[in-house]
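Chain letters run A, B, ... following the sequence lines, proteins first, then strands; residues in each count from 1. Values reported hereafter were calculated over all heavy atoms of this structure, with side chains retained and with hydrogens, waters and symmetry mates removed. Bear in mind the structure is a predicted one, so any value in this text is a computation, not a measurement.
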Amino acid sequence: MHIKIKEREIEMINEALREIQRGSAEIIDNERVEKLLKAYFEEGKTYTVKAGFDPTAPDLHLGHTVLLQKLAIFQKYGARVQFLIGSFTATIGDPTGKNITRKVLSKEDIVKNISSYTTQAFKILDESKTDIVYNDDWLGNMSAADMITLASNLTVARMLERDDFSKRFKSNTPIATSEFMYPLLQGYDSVYLKSDVEIGGTDQKFNLLMGRQLQKAYGIKKQQAVLMMPILEGLDGVQKMSKSLGNYIGVSDTANDMFGKVLSISDDLMWRYYELLSNKSLDEIAALQQGVYDQTLHPKKVKEDLAFEITARFHSNEAAQNAKAEFEKVHAKSQIPTDIAEFTASEDIWICKALVDCALEPSTSQARRDIKQGGVKIDQIKVLDDKSQLTIGEYLLQVGKRKFAKLKVN
RNA sequence: GGUGGGAUAGUCAAGUGGCCAACGACGGCAGACUGUAAAUCUGCUCCCUAUGGGUUCAGAGGUUCGACUCCUCUUCCCACCA
């Protein structure tokens, strides 16, 4: 009897481990994770998992949700999540991934970003198992002496080993001294919070390891395990998903946008998204891949399923269903979409001006070019003359395949 | 603090007195094609009711008929030396 329970327990732990490891790029101190899970299954002991978020942008995108989904898995297996808002560190700007010194955010901007940020995060995370913490609560009160003590834990040579610093150094891109403080402060967060596990992107490796080093230096017996998730590529499939590059799918995107954006990724990238974003098991995904390979499954169908799953997660099944129908309508059958922004004009208006006013074109010059190339339609008919005027009436304006607006001229 | 080098459109990067609204690459937009907003191919890519006009090459002055190109100062960046 006793042995049987034991067996089941081991099985559960292994199952949990598999889920936690899925899609991860690297786990440092896997043993620690195993022990934490064991303690949870045997004694119901909880533990903490820290993840830092930079409130520099008010919106989360799918790149962030890769981490959030992983955190949710941890919550399923006994973790309390320390949802760390880098309210202090954001004022420095982490250099990661950007080869230019990031501009510093004001406190007001940060506060403004946070509430929308957390609302979005709780679409995935279990709020009752999450502690939101702000690092200026402890970093903000550090004295200069404390800072210097902290800084003495790291040598310049070691700092320069960090990939992006060394790249910037070699290519003569400026590095502000304050940027050196960033990994130290992030590491110190782990000291203060006594985190058991920290998760982050692979680009955070240096910072994550700094947490372990500092925990040791500050006398914490068991150092945090570190789990790194790969960086999700953006829609272009090359660069990491980021708002500033414009290659992102936002959590708060409309269902239609979300569906369409997922469908626009390349077939190769689709598998990557499946692995990191889908809740399908790895076996199921492998089967899909095999199906596409044998040509028994159409890649578009497979991609649609992914788009559906993701859209439904952030909206609803129904919304996803509608988005799918809408997409078919607009793109596959090139019909006009259901919801179109409406504008009015109070007098006769020049077509180019109208396109600019309806936010379909950035400038009248661009409008002219598109008209010349046959990219502009009024009521489904190509506009040939870039000098034409719109008189009283209602018009359906279209630029390219997917920009629409209704204009009413009075 | 000293010496030398640099700053060009969304990004990277040519251009060293007129032929420059400025080569090229990437990105972006449009067209064709397609299972898609994928891939591929083609065109476009400062603004302006435009076969013309206006404003650009870090900023401010200056030389010149004429400056992105030469001179002076300012700001910022980099390297070497301290």
N/O contacts under 3.5 Å, protein versus nucleotides 39-44 of chain B?
residue	atom	partner	partner atom	Å
B:rG43	N2	A:Gln373	OE1	3.3
B:rG43	N2	A:Gln373	NE2	3.2
B:rG43	N3	A:Gln373	OE1	2.9

### Query
Of all the nucleotides listed (B:rA37, B:rA30, B:rU36), which has the minimum atom distance to the side chain of A:Asp257?
B:rA37
### Query
Heavy atoms under 4.0 Å, any strand shown: does A:Gln398 hit a base, just sugar-phosphate, or nothing?
nothing
### Pairwise ring pair (Phe, Tyr, Trp, His ring centres under 6.0 Å) hits with a residue in residues 296-322 of chain A, at least two apart
none
### Nucleotide opposite B:rC65 in a Watson-Crick or G-U pair, distances under 3.5 Å
B:rG18
### Task
Hey, could you give me each pair passing ring pair (Phe, Tyr, Trp, His ring centres under 6.0 Å) that has a residue in residues 391-410 of chain A? Not counting sequence neighbours.
none
### Task
Enumerate the residue pairs fulfilling salt bridge (Lys or Arg N to Asp or Glu O under 4.0 Å) with a member in residues 390-410 of chain A, sequence neighbours excluded, ordered by first and then second residue.
none
### Task
Determine which pairs satisfy ring pair (Phe, Tyr, Trp, His ring centres under 6.0 Å) with at least one residue from residues 348-378 of chain A, sequence neighbours left out, and list them in order.
none
### Task
Could you list the residues that satisfy side chain to side chain contact (heavy atoms under 4.5 Å, CB included) with A:Met142, not counting sequence neighbours?
A:Leu139, A:Asp146, A:Met147, A:Leu150, A:Tyr188
### Query
Does A:Thr364 put a side-chain nitrogen or oxygen below 4.0 Å from OP1 or OP2 of B:rU49?
yes
### Query
side chain to side chain contact (heavy atoms under 4.5 Å, CB included) between A:Val262 and A:Ile249: does it pass, once the steps are laid out?
CA-CA 8 Å; A:Val262 175; A:Ile249 301 177; 3.7 Å; yes
### Task
Select base, sugar-phosphate, or nothing to describe what A:Lys372 touches, counting heavy atoms under 4.0 Å on all strands.
nothing
#### Entry: Counterpart residues, ring pair (Phe, Tyr, Trp, His ring centres under 6.0 Å), relative to A:Tyr47 (two or more places apart)
none
### Task
Could you pull out all residues at least two apart from A:Glu15 that satisfy salt bridge (Lys or Arg N to Asp or Glu O under 4.0 Å)?
A:Arg18
### Task
Decide, yes or no, whether a salt bridge links A:Arg313 with A:Glu309 under the criterion of side-chain N to carboxylate O below 4.0 Å.
yes
### Message
For RNA chain B, which residues of residues 348-363 of chain A approach it to below 4.0 angstrom with any heavy atom?
### Response
A:Trp350, A:Ser363
### Message
Whether A:Ser264 contacts B:rA38 is assessed here as follows: a side-chain N or O lying under 4.0 Å from the phosphate OP1 or OP2. Is that the case?
### Response
no
### Query
How would you list all residue pairs meeting salt bridge (Lys or Arg N to Asp or Glu O under 4.0 Å) that involve residues 258-275 of chain A, not counting sequence neighbours?
A:Glu233-A:Arg272, A:Asp253-A:Lys261, A:Asp267-A:Lys303
### Message
Short of 4.0 Å, heavy atom to strand atom, which residues of residues 302-321 of chain A count as contacting RNA chain B?
### Response
A:Lys303
Which side-chain N or O atoms in residues 353-364 of chain A pair as donor and acceptor under 3.5 Å with protein atoms at least two apart or in another chain?
residue	atom	partner	partner atom	Å
A:Lys353	NZ	A:Asp357	OD1	3.4
A:Ser363	OG	A:Ser365	N	3.4
A:Ser363	OG	A:Gln366	N	3.1

